[in-house]
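Shown next, in structure tokens, is the structure this report addresses.
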Number of protein chains: 2
Amino acid sequence: MAVRKIRQERRPEILDAALRLSEERGLAAVSMRAVAAEIGLTPMALYGYFEDKEALLDGLVGRLLRELSQPGPRPGAASDWRDRLLARARGARALAHRYPRTFPLLLDRPAELPEAMRVVDALYAALLDAGVPDGQVAALERMISTFVLGFAVSEVNGRFGEGNLGTRERRERADPREVPAHHRLGEVLDRPVDWDAEFEEGLGRLLEVVERAAGAGEGSPRPGRP
Amino acid sequence: MAVRKIRQERRPEILDAALRLSEERGLAAVSMRAVAAEIGLTPMALYGYFEDKEALLDGLVGRLLRELSQPGPRPGAASDWRDRLLARARGARALAHRYPRTFPLLLDRPAELPEAMRVVDALYAALLDAGVPDGQVAALERMISTFVLGFAVSEVNGRFGEGNLGTRERRERADPREVPAHHRLGEVLDRPVDWDAEFEEGLGRLLEVVERAAGAGEGSPRPGRP
DNA sequence: ACCTGAACACCGTTCAAGT
DNA sequence: ACCTGAACACCGTTCAAGT
């Protein structure tokens with residue numbers, strides 16, 4: 001029960017090493033022993049900075065989220081809610097591309113971290129400015145971040161395809177009676193996908209959902225900042 | 001390089017043991033050694049049935065997906081595309097609640113399994129029947145299954161909240177200047193969430209997206225089955 | 001044909017000790 | 001105050017052997 005005292009000074013150094021390791025050799029290669037070796041320490045030294053491995057992984061999540069929550073709404077430009085929402089969404093996806101092997105951690109973990117709260121807050125603010133009724137803000141935020149996170153994770157972990165076996169071969173190998181719609185669609189499924197465009201289109205559709213939720217509330221959306 | 005011969009007979013038995021173990025003690029407890037012990041075998045015996053641990057986990061994904069792809073469109077009732085799409089979505093979420101500790105595997109893994117293809121095919125078929133243009137079917141399917149999977153995973157792994165620390169305390173502990181929208185929303189964030197209702201509302205919004213995509217295509221949707 | 005046993009190179013973590 | 005060393009109870013997997 002004795003709550004060990006956690007030191008802070010070398011945490012950034014340790015997390016950088018963990019992130020480097022994760023991107024170079026995969027998340028599975030992030031072991032206490034490997035991270036320690038990376039910066040010339042004994043595994044046990046890490047326990048001065050992190051309670052256990054879980055805490056180190058939470059730290060990694062925080063490291064990623066900090067890059068996302070950093071900018072905040074630019075103080076000068078009076079950007080509207082759409083721009084701010086789009087910026088957060090694109091920022092999250094860009095983060096996934098920058099750290100493809102580590103990013104999926106964000107979906108694995110509850111992340112009740114302060115950094116996560118700041119990102120969510122920015123989305124709440126955008127939805128409020130759009131005129132979404134208070135009672136629907138949280139649900140819409142969850143819908144949007146589920147899409148953004150889920151899309152970005154699926155892209156980088158290969159769930160969306162481009163696996164070792166091409167779609168075409170898999171489809172042709174399969175019994176047409178088992179997957180009739182695949183056969184009806186035929187070659188359109190083989191066309192290369194423009195992921196940027198698909199993500200933007202999904203976002204556009206979600207913006208429409210937000211607008212409808214805002215419109216159904218009452219008359220006019222809240223004014224922008226003065 | 002010599003491709004080992006993989007036996008089939010006891011695979012279901014092994015996968016059942018792995019699933020049981022995963023639900024009882026968590027996905028991390030699914031080790032080759034623990035699964036083997038569960039059915040009275042030596043760890044090495046499993047390698048007769050699965051190439052390696054990855055293959056065993058893929059088998060687990062297949063086990064879950066089979067429950068989802070099982071029913072197919074009931075042969076009698078001429079259900080419309082909405083009902084079939086909703087049935088698949090609700091089925092996926094129900095699966096998450098039935099196997100909460102194992103379900104997140106579905107988002108981790110590419111899953112180019114035949115079972116996954118059958119589920120996707122059912123969604124393609126529903127979207128085609130709705131009148132969605134061929135070129136947009138795959139993107140809409142990805143948007144829908146990203147929402148469904150992401151929502152269900154977030155629900156069962158705790159990403160949506162209900163963590164050890166209540167939202168209220170976290171919000172009040174945070175600096176109001178750091179998370180202003182949380183403070184503006186105040187107590188509405190503390191209201192208990194009806195996850196069933198929120199999921200259904202999200203689905204409803206996605207059905208509207210589908211309808212708009214279908215409407216923008218051309219005149220009339222495809223007819224139901226004769 | 002199916003399974004076991006011993007061995008190898010790894011894990012996370014505790015505890016006591018070093019400087 | 002910060003770190004190390006030895007030890008414990010685990011991993012996945014290879015290889016050779018048993019029946």
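Lettering of chains follows the sequences in order, A, B, ..., and the numbering in each one begins at 1.
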Do B:E155 and B:H97 pair up side chain to side chain, a donor and an acceptor below 3.5 Å, judged on atom types alone?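 Yes - a donor-acceptor pair under 3.5 Å links their side chains.
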
When you measure from every atom of DNA chain C, which of residues 38-49 of chain A have a heavy atom less than 4.0 Å away?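 Result for residues 38-49 of chain A: A:M44, A:Y47, sorted by number.
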
When you look at B:E24 and B:R20, which way does the salt bridge (charged side-chain N to carboxylate O under 4.0 Å, His left out) test go after all the steps? CA-CA 6 Å; B:E24 276 169 11; B:R20 202 163 53 236; 5.2 Å; no

Heavy-atom side-chain contact between A:D108 and A:V61 under 4.5 Å: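 A:D108 does not reach A:V61 side chain to side chain.
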
Could you give the [atom1]-to-[atom2] distance, from [X] to [N], as a whole number of Å?
X     : N      : atom1 : atom2 : value
A:I6  : D:dC2  : CD1   : P     : 12 Å
A:E51 : C:dG12 : CD    : P     : 16 Å
A:F50 : C:dG12 : CZ    : C1'   : 16 Å

Any strand: nucleotide that pairs with C:dA7 via Watson-Crick or wobble, under 3.5 Å: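 Here C:dA7 is engaged in a pair, and the nucleotide opposite it is D:dT13.
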
Any strand is fair game: report the nucleotide pairing with C:dA1 by Watson-Crick or G-U wobble, both distances under 3.5 Å, or none. D:dT19

Aromatic ring centroids of B:F147 and A:F147 under 6.0 Å?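 Centroid separation for B:F147 and A:F147: 6.0 Å or greater.
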
Tell me if the aromatic rings of A:Y99 and A:F103 count as close, with their centers under 6.0 Å from one another. no

Salt-bridge test for A:R98 and A:E67: reply yes if a basic N is under 4.0 Å from a carboxylate O, no otherwise. yes

In terms of side-chain geometry, is the basic nitrogen of B:R184 or A:D134 positioned less than 4.0 Å from the acidic oxygen of its partner? no

Anything under 3.5 Å between a protein N or O and an N or O of nucleotides 9-11 of chain D, put it in a table, one pair a line.
from   : atom 1 : to    : atom 2 : distance (Å)
D:dC11 : OP1    : B:S31 : OG     : 3.2

Looking at residues 8-18 of chain A, who's got a heavy atom less than 4.0 Å off DNA chain D?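 Here the set is A:E9, A:R10.
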
Closest approach of A:A92 and A:L68, non-hydrogen atoms and distance? N-CD1, 3.3 Å

Correct closest heavy-atom pair for B:L27 and B:S22 would be CD1-OG, 3.4 Å

According to the interplanar angle, ranging from 0 to 90°, do the rings of B:W195 and B:F160 count as parallel (below 30°), tilted (30 to 60°) or perpendicular (above 60°)? parallel

Taking atom CZ of A:R25 as the centre, report whether more than 12 heavy atoms of other residues, nucleotides or ligands fall under 6.0 Å from it. no

